[in-house]
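For reference, the structure is listed below as structure tokens.
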Amino acid sequence: EVQLQASGGGSVQAGGSLRLSCAASGFIFDDYAIAWFRQAPGKEREGVASISSGGSNTGYADSVKGRFTISSDNGKNMVYLQMNSLKPEDTAVYYCSAIRLDDPGLSQWLVLARTDFGSWGQGTLVTVSS
């Protein structure tokens with residue numbers, strides 16, 4: 001069974017940093033894409049960063065490019081999101097999710113942040129104050 005557990009959220013002042021962790025189990029890492037999504041108060045869920053092919057392929061939303069870095073430790077089945085230069089607009093519940101690379105719903109999952117595709121873990125709250 002695919003299982004995902006996010007952690008590392010907290011409260012930080014603007015300009016600060018946090019590192020989120022996602023512990024994954026129940027699947028072969030190289031067969032899946034894994035991504036971080038977030039949902040801010042009153043806003044739609046959006047993709048933040050993705051990783052696949054054992055970490056060789058990564059992608060980022062324009063809003064976080066240059067500030068966030070996604071990485072993985074395949075031996076430990078862990079995915080991380082290093083968040084630097086945090087802004088108040090980064091405040092959101094952050095989720096990690098995984099989907100098979102051959103899943104026809106991959107594009108809907110990644111682009112539209114559809115929760116009826118892929119597997120999802122519980123969220124972790126990030127609050128950035130000004």
Side-chain angles (χ1 to χ4, degrees):
E1 179 182 354
V2 175
Q3 294 183 322
L4 301 161
Q5 179 67 56
S7 62
S11 181
V12 65
Q13 192 167 326
S17 299
L18 285 173
R19 188 180 76 160
L20 305 183
S21 299
C22 178
S25 64
F27 60 93
I28 300 173
F29 247 45
D30 287 350
D31 293 339
Y32 282 72
I34 304 173
W36 289 95
F37 297 83
R38 68 185 182 187
Q39 187 163 24
K43 296 185 178 181
E44 296 293 317
R45 180 174 286 107
E46 63 177 346
V48 177
S50 63
I51 190 166
S52 63
S53 301
S56 61
N57 293 326
T58 59
Y60 299 90
D62 288 341
S63 60
V64 306
K65 286 181 179 178
R67 299 189 298 119
F68 291 11
T69 302
I70 189 170
S71 62
S72 66
D73 185 335
N74 294 281
K76 297 181 179 180
N77 289 165
M78 296 289 294
V79 176
Y80 306 97
L81 185 67
Q82 179 66 46
M83 306 185 294
N84 298 327
S85 302
L86 283 161
K87 304 175 181 179
E89 52 262 44
D90 295 319
T91 295
V93 176
Y94 285 71
Y95 303 86
C96 62
S97 180
I99 193 169
R100 288 186 59 89
L101 290 169
D102 59 2
D103 193 316
L106 188 148
S107 62
Q108 290 85 357
W109 169 82
L110 183 61
V111 177
L112 301 178
R114 292 280 299 273
T115 58
D116 52 336
F117 296 100
S119 298
W120 294 75
Q122 68 176 14
T124 185
L125 177 63
V126 172
T127 302
V128 184
S129 60
S130 61

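Residues take their numbers from the sequence shown, with the count starting at 1.
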Inset, instruction - Check the pair Y95, L20 against side chain to side chain contact (heavy atoms under 4.5 Å, CB included), reporting the backbone distance first and the verdict last. - result: CA-CA 10 Å; Y95 303 86; L20 305 183; over 6 Å; no

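- Here OG1 of T69 is found 8.0 Å from CG of L81. Values are rounded to the nearest 0.5 Å.
- What you find for G47 and A61 is that their closest heavy atoms are O-CB, 3.5 Å.
- Both F117 and L101 are assigned to one and the same hydrophobic cluster, defined by single-linkage of ILVMFWY side chains at heavy-atom distances under 4.5 Å.
- With sequence neighbours excluded, the residues forming a side-chain hydrogen bond (donor to acceptor under 3.5 Å, both in side chains) with S17 are N84, listed by chain and number.
- Checked by atom type and distance alone, the side chain of Y60 pairs as donor or acceptor with a backbone atom of I70 at under 3.5 Å.
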Inset, instruction - Kindly indicate, with the supporting measurements, whether the criterion side chain to side chain contact (heavy atoms under 4.5 Å, CB included) is fulfilled by V64 and R38. - result: CA-CA 12 Å; V64 306; R38 68 185 182 187; 4.0 Å; yes

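- Judged purely by atom type and a 3.5 angstrom limit, S97 uses its side chain to pair as donor or acceptor with the backbone of S119.
- Atom OG in S107 sits 7.0 Å away from atom CG in L112 (nearest 0.5 Å).
- To the nearest 0.5 Å, the span separating CD on Q5 from CE on M78 amounts to 10.0 Å.
- In plain terms, the two heavy atoms of N74 and N77 that are nearest each other are O-ND2, 3.0 Å.
- With hydrophobic clusters built from ILVMFWY side chains whose heavy atoms lie under 4.5 angstrom apart, L4 does not share a cluster with L110.
- No path of Ile, Leu, Val, Met, Phe, Trp and Tyr side chains, each step under 4.5 Å between heavy atoms, connects V93 with L18, placing them in separate hydrophobic clusters.
- T91 contributes a side-chain N or O that, together with a main-chain N or O of V128, makes up a donor-acceptor pair within less than 3.5 Å.
- A side-chain contact (heavy atoms from CB on, under 4.5 Å) with Y80 is found for exactly one of S72, C96, C22, S21, namely S21.
- Counting only residues at least two apart or in different chains, ring-ring contact (aromatic ring centres under 6.0 Å, His included) contacts with residues 14-48 comprise F27-F29, F27-Y32, F37-W109, F37-W120.
- For the pair R67 and M83, the minimum side-chain heavy-atom distance is 4.5 Å or more.
- Tracing side-chain contacts under 4.5 Å through hydrophobic residues (I, L, V, M, F, W, Y), one never reaches L106 starting from I34; they form parts of separate clusters.
- Salt bridge status for K87 with D90: absent, with no side-chain N to carboxylate O gap under 4.0 Å.
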